[in-house]
**Q** 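Pasting a structure here, questions to come.
Quick caveat, the model's predicted, so the values are computed rather than measured.
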Amino acid sequence: IIKRGKRKIYKGTAQNIYKNNVKSVVWIGNEKDNVMGTGSIINNKGEIITNWHVVGNSKKLYIWLLPDDPEKMDERLLMHEPNFVGTVINRHKRKDLALVKVEGLPKDIKIIRFGKTSDVPIGSTVYAIGHPSGEAWTFSSGMVTQIRPNYTWSYENSSHKANVIQHEVPTNPGNSGGPLLNEKGMMVGVNSFIRIDTQLINFSVAIEEVEAFLKEEIKEDKPE
């Protein structure tokens, strides 16, 4: 960061990717299931995309935006900051995706832009913003190692299938539901799961699966 007078100029691709997207990324608190995760604001209607396994069976979630004070990017302090209530309005268990609607977000809220899986060929660099192990708004990077169509995986009590991007971006509990970004700073996937007992074998549900999910009819009740 180069300071010129009162202005801050961000130089470098990675720095710009973080700066341009961090305010689009939210902290999701699922009190019912005692789970936390990450989500991305995708439009001006206050809709957030995340994982099905982040929202679980909950209808209501707590949503925190990036705090202005960097010291409050701490899980213990963040919980005492003002938050919004999100309503789960659609979910696709098989693809591990969920859509959350939040009322009353600021009108100037930052929105994440979608890219394409074709934008991330094997060997390209991708980036993630999330809250691994509660470390809020952590930025990390790694290489795309494979594109896997119709990939199957499972959690303790569920099984899933979707087109996914395999990559080396460090992923931990808390990253789930957050954006995978390409070198242009566009979202190309939703960070979802890892291969346990391995190193840097991580997976994100591909953005085309997200776009197809968003075209589905809303099955659940509208927000109160």
Side-chain angles (χ1 to χ4, degrees), residues 13-14 16-18 20-22 24-26 28 35-40 42 48-56 91-99 112-135 137-215:
T13 302
N16 285 329
I17 290 171
Y18 175 78
N20 293 335
N21 289 285
V22 66
S24 307
V25 178
V26 302
I28 298 176
V35 171
M36 57 76 57
T38 307
S40 302
I42 59 172
I48 293 168
I49 193 76
T50 187
N51 283 134
W52 166 84
H53 76 264
V54 169
V55 307
R91 50 189 112 202
H92 196 305
K93 183 176 180 180
R94 186 72 167 163
K95 293 182 179 181
D96 196 17
L97 296 173
L99 186 64
I112 214 152
R113 298 179 303 146
F114 287 1
K116 299 178 181 179
T117 303
S118 57
D119 294 337
V120 284
I122 296 165
S124 62
T125 301
V126 283
Y127 304 84
I129 303 174
H131 319 299
S133 300
E135 299 299 334
W137 286 276
T138 294
F139 185 53
S140 48
S141 66
M143 185 171 64
V144 174
T145 52
Q146 195 53 260
I147 307 296
R148 301 199 181 276
N150 297 314
Y151 193 82
T152 58
W153 73 99
S154 60
Y155 302 123
E156 186 175 353
N157 297 308
S158 61
S159 59
H160 307 270
K161 183 178 182 179
N163 297 336
V164 300
I165 300 168
Q166 181 183 324
H167 56 82
E168 295 181 327
V169 181
T171 304
N172 294 278
N175 276 116
S176 290
L180 186 73
L181 303 161
N182 66 13
E183 292 173 326
K184 296 179 182 179
M186 302 178 80
M187 182 175 173
V188 291
V190 176
N191 298 319
S192 301
F193 65 101
I194 66 172
R195 283 283 301 275
I196 298 173
D197 300 325
T198 65
Q199 289 186 333
L200 299 180
I201 302 181
N202 311 308
F203 299 89
S204 302
V205 175
I207 194 66
E208 287 78 13
E209 299 280 30
V210 175
E211 291 176 321
F213 168 60
L214 293 174
K215 292 176 182 177

**Q** Could you report the tightest heavy-atom contact between Gln146 and Ile122, atom names first, then the distance?
**A** OE1-CD1, 3.1 Å
**Q** Assess, by modelled atom type and distance only, whether the side chains of Tyr127 and Asn21 contain a donor and an acceptor separated by less than 3.5 Å.
**A** no
**Q** Once rounded to the nearest 0.5 Å, what's the spacing between atom OG of Ser140 and atom NE2 of His167?
**A**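 Between Ser140 OG and His167 NE2, I get 9.0 Å after rounding to 0.5 Å.
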**Q** Indicate yes or no: at least one non-hydrogen side-chain atom of Lys93 is less than 4.5 angstrom from one of Ser158.
**A** yes
**Q** So, Asn20 side chain and Asn16 main chain: donor-acceptor pair closer than 3.5 Å or not?
**A** yes
**Q** Is any side-chain heavy atom of Thr13 closer than 4.5 Å to one of Tyr18?
**A** no
**Q** Which heavy atom of Ser118 sits nearest to which heavy atom of Pro121, and what is that distance?
**A**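 Residues Ser118 and Pro121, closest heavy atoms: O-CD, 3.9 Å.
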**Q** Would you mind reporting whether Asn163 and Arg148 have side-chain heavy atoms less than 4.5 Å apart?
**A** no
**Q** Drop me the distance from Glu183's CD to Ile17's CD1, to the nearest 0.5 angstrom.
**A**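 Rounded to the nearest 0.5 Å, the CD-CD1 separation comes out at 7.0 Å.
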**Q** With sequence neighbours excluded, tell me which residues meet side chain to side chain contact (heavy atoms under 4.5 Å, CB included) with Glu135.
**A** Thr138
**Q** Taking the side chain as every heavy atom from C-beta outward, state whether Arg91 and Leu97 have any pair of such atoms under 4.5 Å apart.
**A** no
**Q** Side-chain donor-acceptor pair under 3.5 Å between Thr145 and Gln166, yes or no?
**A**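 A pair is found: one side chain offers a donor N or O, the other an acceptor, under 3.5 Å apart.
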**Q** Measure the spacing between CD1 of Ile49 and CE of Met187 and express it to the nearest 0.5 Å.
**A**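 If I round to the nearest 0.5 Å, the distance is 6.5 Å.
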**Q** The test is ring-ring contact (aromatic ring centres under 6.0 Å, His included); show your working for Phe193 and His160 and say whether it passes.
**A** CA-CA 11 Å; Phe193 65 101; His160 307 270; 8.4 Å; no
**Q** Quick one, Ile42 and Leu99 - any side-chain contact, counting heavy atoms below 4.5 Å?
**A** yes
**Q** About how many Å separate OG of Ser154 and NZ of Lys161, when rounded to the nearest 0.5 Å?
**A** 14.0 Å
**Q** State, yes or no, whether a side-chain contact exists between Ile28 and Thr38 at a heavy-atom distance under 4.5 Å.
**A**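 They are not in contact (no side-chain heavy atoms under 4.5 Å apart), so the answer is no.
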**Q** Which of these, Val126, Ile207, Val120, sits in a side chain to side chain contact (heavy atoms under 4.5 Å, CB included) with Ile165?
**A** Val120
**Q** Measuring from Lys116:NZ to Asn182:CG, what's the distance to the nearest 0.5 Å?
**A**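 Output value for this atom pair is 11.5 Å.
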**Q** Checking side-chain contact (heavy atoms from CB on, under 4.5 Å) for the pair Val35/Val55: CA distance, chi angles, key distance, verdict?
**A** CA-CA 8 Å; Val35 171; Val55 307; over 6 Å; no
**Q** When you measure from the side chain of Asn175 to the backbone N and O of Asn172, does any donor-acceptor pair fall under 3.5 Å?
**A**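 Yes, because the side chain of Asn175 sits within donor-acceptor range (under 3.5 Å) of the backbone of Asn172.
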**Q** Taking His53's backbone N and O only, do any of them form a donor-acceptor pair with Asn51's side chain (distance below 3.5 Å, no angle check)?
**A** no
**Q** For Phe114 and Met186: C-alpha separation, side-chain torsions, deciding distance, then whether side-chain contact (heavy atoms from CB on, under 4.5 Å) applies.
**A** CA-CA 5 Å; Phe114 287 1; Met186 302 178 80; 5.7 Å; no
**Q** For the residue pair Ser204 / Asn191, report whether a side-chain donor-acceptor contact shorter than 3.5 Å exists.
**A**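 Yes, a side-chain donor-acceptor pair sits under 3.5 Å.
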**Q** My understanding is that only residues two or more places apart in sequence, or in another chain, count here; which of them pass ring-ring contact (aromatic ring centres under 6.0 Å, His included) with Phe213?
**A** none
**Q** Where do Phe203 and Tyr151 land on the side-chain contact (heavy atoms from CB on, under 4.5 Å) test, with the steps shown first?
**A** CA-CA 10 Å; Phe203 299 89; Tyr151 193 82; 3.6 Å; yes
**Q** What residues, two or more places apart in sequence or in another chain, satisfy ring-ring contact (aromatic ring centres under 6.0 Å, His included) together with His131?
**A**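 Scan of His131 (ring-ring contact (aromatic ring centres under 6.0 Å, His included), adjacent residues dropped) gives Trp27, Trp137.
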**Q** Would you compute the distance between atom CG of Asp96 and atom OG of Ser192 and round it to the nearest 0.5 angstrom?
**A**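 Spacing of CG (Asp96) from OG (Ser192) equals 5.0 Å.
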**Q** Side chains of Glu208 and Thr117: do they bring a donor and an acceptor to under 3.5 Å?
**A** yes
**Q** So, for Thr50 and Ser176, which heavy atoms are closest and what is the spacing to 0.1 Å?
**A** OG1-O, 4.3 Å
**Q** Do you know which two heavy atoms are closest between Val169 and Gly142, and how far apart they sit?
**A**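 Between these two residues, the closest heavy atoms are CG2-N, 3.4 Å.
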**Q** State, yes or no, whether a side-chain contact exists between Val190 and Leu180 at a heavy-atom distance under 4.5 Å.
**A**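 They are not in contact (no side-chain heavy atoms under 4.5 Å apart), so the answer is no.
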**Q** For Arg195, is there any backbone N or O sitting under 3.5 Å from a side-chain donor or acceptor partner on Thr198?
**A**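 Confirmed, Thr198 side chain pairs with Arg195 backbone.
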**Q** Heavy atoms, side chains only, cut-off 4.5 Å: are Pro179 and Ser40 in contact?
**A**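 Side chain of Pro179 against side chain of Ser40, heavy atoms only: contact under 4.5 Å found.
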**Q** Looking at Arg94, I'd like to know if its CZ atom is crowded, meaning that more than 12 non-hydrogen atoms belonging to other residues, nucleotides or ligands lie closer than 6.0 Å.
**A**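 More than 12 heavy atoms, drawn from other residues, nucleotides or ligands, come within 6.0 Å of this atom.
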